[in-house]
Amino acid sequence: MAIITLNKTPTRPAPLSETSMLGWMRRSLFSSWFNGALTIFTLYIVYITLQGVYVWGFADATLVADNRRACYDYSLTGACWAGVIDWMDNIFYGRYPREEIWRIDLGGLLLILWMAPLWMRKVKGKIWIGVTVVTFYPFLAGYLFAGGDKGLFMQLMVAAALVALPANVINMLIGLFKEQSLGQVLQSLVAKFSEDEKVQRNLMLALVALSLVIAFVFQSQWQEVAVSWTKWGGLFLTLAIAGIGIACSLPGGIILALGRRSKLPIIRILSTGFIEIFRSVPLITVLFMATTMFPLFMPEGFVLNKLTQVIIAVCLFNACYMAETVRGGLQAIPKGQYEGAHTIGLGYWGTMGFVIMPQALKYMIPNIVGSFIGLLKDTTLVSIIGLFDILGMLRSISRDVPWLGLHKEPLIFGAIVFFIICFSMSKYSRHLEAKLETGNKK
Amino acid sequence: MVMGVTMAENAKTDINNRARPVEKFNFFQDQRVRSIFYQLITLSIVGWLGWYLFTNTSENLAARGMSTGFSFLGSVAGFDTDFKLVEYTPGIGTYGDIFIIGALNTLFISFLAIIVSTFFGFILGVMRLSNNWLVSKVTLAYIEIFRNIPLLIQIVFWYIGVFSLLPVVRKTIDISFGSEMLLLNNRGLYMATPVYGELFWVTAIAAVVAVVAVFIMRRKAHKTQDESGEQTPILLRSLLILIALPGIAFVLTGAPLSWDMPVLEGFNFVGGTTLPPSFLALLLALSIYHSAQMAESVRAGILSVSRGQHDAAMAIGLKPGRVMALVIIPQAMPAIVPPMISQWMNTVKNSSLAIAIGYADIVSLFMQTGLNQAGHAVEMVGMTMAFYMFISLSISWLLNIYNKRVQLVER
């Protein structure tokens with residue numbers, strides 16, 4: 001006996017218990033009596049917490065007041081945000097002269113302008129964007145922030161940055177409209193003048209030299225008022241130290257990681273020792289070393305200011321962590337890549353520079369973002385040795401006469417600022433990780 | 001194994017020698033010459049740098065009339081500390097004692113913080129993977145919030161924002177439900193300490209015997225289960241032994257235990273043990289921060305066990321809790337332990353942030369206060385760093401032992 005149906009049974013929709021809100025709740029919140037109790041208990045805790053936060057932070061909070069007493073007059077149970085709002089400029093810019101704050105903002109905007117093309121799919125020549133931002137931007141920003149007289153080296157670097165910045169913008173525009181890089185466009189322009197490759201190259205060099213000279217002349221007219229490093233502070237200082245730290249730890253970390261994987265025993269032992277020493281001690285001891293021992297290391301009469309000492313310490317410390325990140329990235333590269341590079345006749349530096357590093361760096365980006373987050377959080381330690389970074393500024397609010405004893409609100413505000421920065425960056429790095437993962441599997 | 005490698009290398013160089021065409025010997029094209037050359041250059045740069053720093057330092061020290069050497073460790077330190085685990089009197093104790101006090105304080109608080117945060121890390125990691133949506137999301141919120149706020153801000157917050165704002169001594173809170181054994185105020189936590197009587201050792205021995213007995217019983221029960229499949233319920237029996245044996249011994253010897261209670265005398269409490277607010281704040285902050293970090297490694301470790309293990313364990317009828325405890329966690333351990341141990345190391349290192357709130361750890365007591373008083377910057381910073389390096393080496397030694405054991409089991 002057989003039953004043959006010619007008509008296919010129509011598929012039934014999923015049962016209501018699977019698709020409805022109630023079904024979802026039953027499955028994921030009340031699957032057993034224990035789970036149900038847990039849900040209710042958790043709900044209760046969440047309610048208590050959120051209600052407490054709401055009453056303290058919003059409902060009973062004071063936003064505008066002249067001093068802490070006025071806050072208390074308004075409400076005893078609420079937060080006194082007025083103190084934080086009153087100090088807002090200090091929290092973000094430290095004691096930087098108020099009429100010069102535009103320089104910090106401009107520096108930040110320039111960085112965004114410089115880095116933004118890295119995220120645009122159509123823009124070409126991204127390696128050059130990355131290289132110029134690491135090598136030239138710090139000097140431009142450094143002069144913008146510090147001002148004063150420029151030394152010859154500084155003049156050259158600022159001039160180079162002033163060439164690289166417009167070139168980068170033009171490159172971005174060309175990329176967006178023609179999907180070409182600035183280099184390609186220039187080459188085709190030059191090719192119209194002459195067929196000879198040598199002439200072409202000379203023309204290009206002349207073009208670069210000409211723009212450098214123009215930039216040099218321009219920058220020698222450009223003078224900003226000097227702002228002493230003692231006036232730097234707030235979130236600006238935190239970001240500056242962390243930014244410089246990551247910018248110099250990247251090359252340092254690459255060198256150390258290569259040294260640690262080197263076949264030459266002395267180089268390997270030295271790099272490994274250096275990395276492990278700095279990785280096994282807390283940052284605060286390195287900072288203390290910088291402030292107490294560096295002055296002894298230097299020859300007579302050569303004085304480094306505290307900020308420089310701190311930056312050197314942060315760079316040394318972070319380079320060792322970066323070295324381990326880089327090493328992890330290098331280990332992920334299959335051996336065939338090395339062998340392939342050797343086969344086509346590349347030497348050690350050729351193999352590393354053209355084949356291994358570009359691949360490894362790409363996979364390291366999420367980890368680099370991760371270590372930047374770590375560094376940013378660690379930078380708060382500089383407040384211990386007397387720099388007024390964001391934490392130092394937040395803590396000095398409670399010493400300001402109108403806001404005497406206002407401790408909690410500034411710290412919570414700082415925590416929120418850090419949470420926003422660090423959380424969004426870590427989300428982004430996880431997103432990148434997922435993106436690169438699939439890219440690898442294809 | 002080592003022999004095999006060298007043989008393979010020999011074979012390789014043999015082939016290389018044979019295959020290499022005859023060419024003019026160029027000194028700098030030879031790989032060995034070049035490698036020695038590079039290493040010599042590196043060594044001389046590093047050596048020169050070291051020598052340069054050393055001569056500068058000794059010149060500077062001489063110019064400032066500062067002595068060097070470790071003899072200062074024997075000289076008398078004139079300052080006191082509010083938290084110490086060994087006897088010390090200012091004016092009699094030496095800088096060597098200060099170093100030991102600081103080191104012990106660092107180890108003490110890191111040890112406690114590691115235990116607390118590992119325990120909660122495991123719980124949070126498992127909660128994060130709970131199939132209860134709300135529990136999982138609340139845990140996620142906890143982890144993300146505390147991971148993304150700098151530890152230093154958290155420490156300072158707990159110290160100034162919470163423990164310093166506790167009621168004053170006269171309005172002390174009793175957190176032991178009226179027995180006055182645990183008292184909390186803005187000067188710290190006051191605890192009653194047990195005072196052991198004469199015959200207390202009998203109870204102690206009874207407790208040890210009970211633990212050994214339970215251990216033997218467990219092994220026996222496991223053995224029977226392995227051989228015959230029969231399960232012997234031992235939980236109730238072992239609990240009974242653990243409580244009854246020491247309990248009977250304690251009562252029979254006439255309850256030889258009394259408490260040294262903290263008592264209000266004048267403006268402060270006397271007696272018992274005191275934990276300063278800085279200690280409490282640091283312990284709390286370290287535990288919260290690192291439990292959030294460890295929860296992430298526990299979660300990653302559990303997720304590294306393939307889904308099939310979970311399904312198979314469910315298929316043979318284990319309950320969800322037993323699946324976790326008997327099947328998933330044991331297999332996840334090799335993936336959990338290495339990051340966990342590096343988190344322990346981070347806990348030890350982060351305990352140095354005590355300096356921000358004045359808990360007397362090695363950094364704030366020896367490297368800051370001590371350095372300000374004695375001024376032997378190079379020696380003191382060096383000793384502190386050496387201490388941390390020693391801890392780090394010991395911990396990575398532990399990790400190596402564990403890794404070796406895990407590898408053996410795998411084979």
Side-chain angles (χ1 to χ4, degrees), chain A residues 24-25 27-31 35 38-39 42-43 45-46 259 262-267 270 276-277 279-286 288-289 292-293 295-300 373 376-381 383-384 391 394-395 398 407-408 411-412 414-416 418-423 425-426, chain B residues 35-36 38-40 42-43 46 52-53 56-57 59-61 63-64 130-136 138 141 144-145 147-154 156-157 160-162 164-165 345 348-353 355-356 363 367-368 371 377-378 380-382 384-385 388-393 396:
Chain A
W24 173 84
M25 278 172 72
R27 261 179 300 124
S28 50
L29 295 179
F30 298 98
S31 61
N35 246 340
L38 206 61
T39 305
T42 319
L43 265 182
I45 289 189
V46 170
S262 163
K263 289 201 188 80
L264 314 177
I266 292 179
I267 292 178
L270 284 175
E276 288 304 326
I277 284 175
R279 271 165 48 89
S280 65
V281 297
L283 176 58
I284 187 72
T285 58
V286 182
F288 259 84
M289 189 182 91
T292 60
M293 278 159 75
L296 295 177
F297 286 162
M298 293 298 138
E300 284 274 19
I373 299 173
L376 196 64
K377 288 194 289 175
D378 278 350
T379 307
T380 50
L381 262 68
S383 68
I384 293 178
L391 183 56
L394 290 169
R395 289 189 73 174
S398 64
H407 290 296
K408 259 193 234 173
L411 286 173
I412 289 180
I416 294 172
F418 270 102
F419 178 79
I420 292 171
I421 299 176
C422 297
F423 181 71
M425 277 203 297
S426 80
Chain B
S35 88
I36 290 173
Y38 281 139
Q39 297 193 53
L40 276 181
T42 320
L43 201 63
V46 172
Y52 177 73
L53 295 182
N56 274 340
T57 311
E59 266 170 30
N60 281 323
L61 286 175
R64 296 174 201 190
S130 160
N131 48 17
N132 187 318
W133 181 85
L134 190 66
V135 171
S136 159
V138 169
E144 289 296 348
I145 288 175
R147 254 163 50 111
N148 283 313
I149 297 174
L151 179 58
L152 189 60
I153 289 191
Q154 297 189 35
V156 173
F157 176 78
I160 318 186
V162 177
S164 301
L165 297 184
M345 190 56 229
V348 177
K349 285 194 279 180
N350 281 338
S351 71
S352 64
L353 297 183
I355 193 175
V363 170
M367 205 176 81
Q368 191 182 38
L371 201 153
V378 179
M380 285 177 134
V381 174
T384 312
M385 288 176 120
Y388 281 105
M389 276 178 227
F390 172 74
I391 305 289
S392 152
L393 279 181
S396 45

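A, B, ... follow the sequence lines: proteins, then strands. Residue 1 opens every chain. Everything numeric in this text was worked out from a predicted model, so none of it was measured.
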Which portion of B:Val156 sits near chain A, non-hydrogen atoms under 4.5 angstrom: both

Counting heavy-atom pairs closer than 4.5 Å to chain A, which one of B:Ala377, B:Ser164, B:Ser396 comes out on top? B:Ala377

OG of B:Ser351 to CD1 of A:Ile284: how many Å apart, nearest 0.5 Å? 12.0 Å

Where A:Pro295 and B:Asn60 come nearest, the two heavy atoms and their spacing: O-ND2, 3.6 Å

Can you tell me how far CE of B:Met367 sits from CE of A:Met289, rounded to the nearest 0.5 angstrom? 10.5 Å

Considering only heavy atoms, which portion of B:Val363 lies under 4.5 Å from any heavy atom of chain A: side chain, backbone, both, or neither? side chain

Evaluate side-chain contact (heavy atoms from CB on, under 4.5 Å) for A:Val281 paired with B:Met389, printing each intermediate quantity in order. CA-CA 6 Å; A:Val281 297; B:Met389 276 178 227; 4.1 Å; yes

A:Met425 portion near chain B, given a 4.5 angstrom heavy-atom threshold: neither

Of the backbone (N, CA, C, O) and the side chain (C-beta and beyond), which part of B:Ser35 lies under 4.5 Å from a heavy atom of chain A, both, or neither? both

Can A:Asn35 and B:Val135 be said to form a side-chain contact (heavy atoms from CB on, under 4.5 Å), step by step? CA-CA 9 Å; A:Asn35 246 340; B:Val135 171; 5.7 Å; no

Using 0.5 Å steps for rounding, measure from the CG atom of A:Leu270 to the CG atom of B:Leu43. 6.5 Å

For A:Phe288 versus B:Ile355, what's the shortest heavy-atom pair and its separation? CE1-CD1, 3.5 Å

Closest non-hydrogen contact found for A:Thr285 with B:Val381 is O-CG1, 4.1 Å

Which bit of A:Leu43 is near chain B, if near means a heavy-atom gap under 4.5 Å: side chain, backbone, both or neither? both

What part of A:Leu381 gets within 4.5 angstrom of chain B, counting heavy atoms only: side chain, backbone, both, or neither? both

Region of A:Ser398 that comes under 4.5 Å of a non-hydrogen atom in chain B: neither

Under 4.5 Å from a heavy atom of chain B, the part of A:Arg395 involved: side chain

Quick one: what part of B:Ile145 sits under 4.5 Å from any heavy atom of chain A, side chain, backbone, both or neither? both

Give the minimum heavy-atom separation between B:Ile149 and A:Phe419, together with the two atoms involved. CG1-CB, 4.3 Å

Counting heavy-atom pairs under 4.5 angstrom with chain A, the leader among B:Leu134, B:Asn132, B:Val138 is B:Asn132

Can you find a pair of side-chain heavy atoms, one from A:His407 and one from B:Leu165, that are under 4.5 Å apart? no

Starting at CH2 of B:Trp133, measure out to OG1 of A:Thr39 and round the result to the nearest 0.5 Å. 10.5 Å

In short, B:Ile153 meets A:Gly414 closest at the heavy-atom pair CD1-C, 4.1 Å

Chi angles and distances behind the side-chain contact (heavy atoms from CB on, under 4.5 Å) call for B:Met385, A:Val286: CA-CA 8 Å; B:Met385 288 176 120; A:Val286 182; 4.1 Å; yes

What residue in B:Leu61, B:Leu353, B:Thr57 has the most heavy-atom pairs under 4.5 Å with chain A? B:Thr57

Top residue by heavy-atom pair count (under 4.5 Å) with chain B, among A:Ile384, A:Leu411, A:Leu264? A:Leu264

Please give me the minimum heavy-atom distance between A:Lys377 and B:Pro150, naming the atom from each residue. O-CB, 3.7 Å

Between CE of B:Met345 and OG of A:Ser280, what distance do you get to the nearest 0.5 Å? 6.5 Å

Could you measure the distance from the OG1 atom of B:Thr42 to the CD1 atom of A:Ile267? Nearest 0.5 Å is fine. 3.5 Å

Quick one, A:Thr292 with B:Met380, criterion side-chain contact (heavy atoms from CB on, under 4.5 Å). Give me CA distance, side-chain angles, the key distance, then yes/no. CA-CA 10 Å; A:Thr292 60; B:Met380 285 177 134; over 6 Å; no

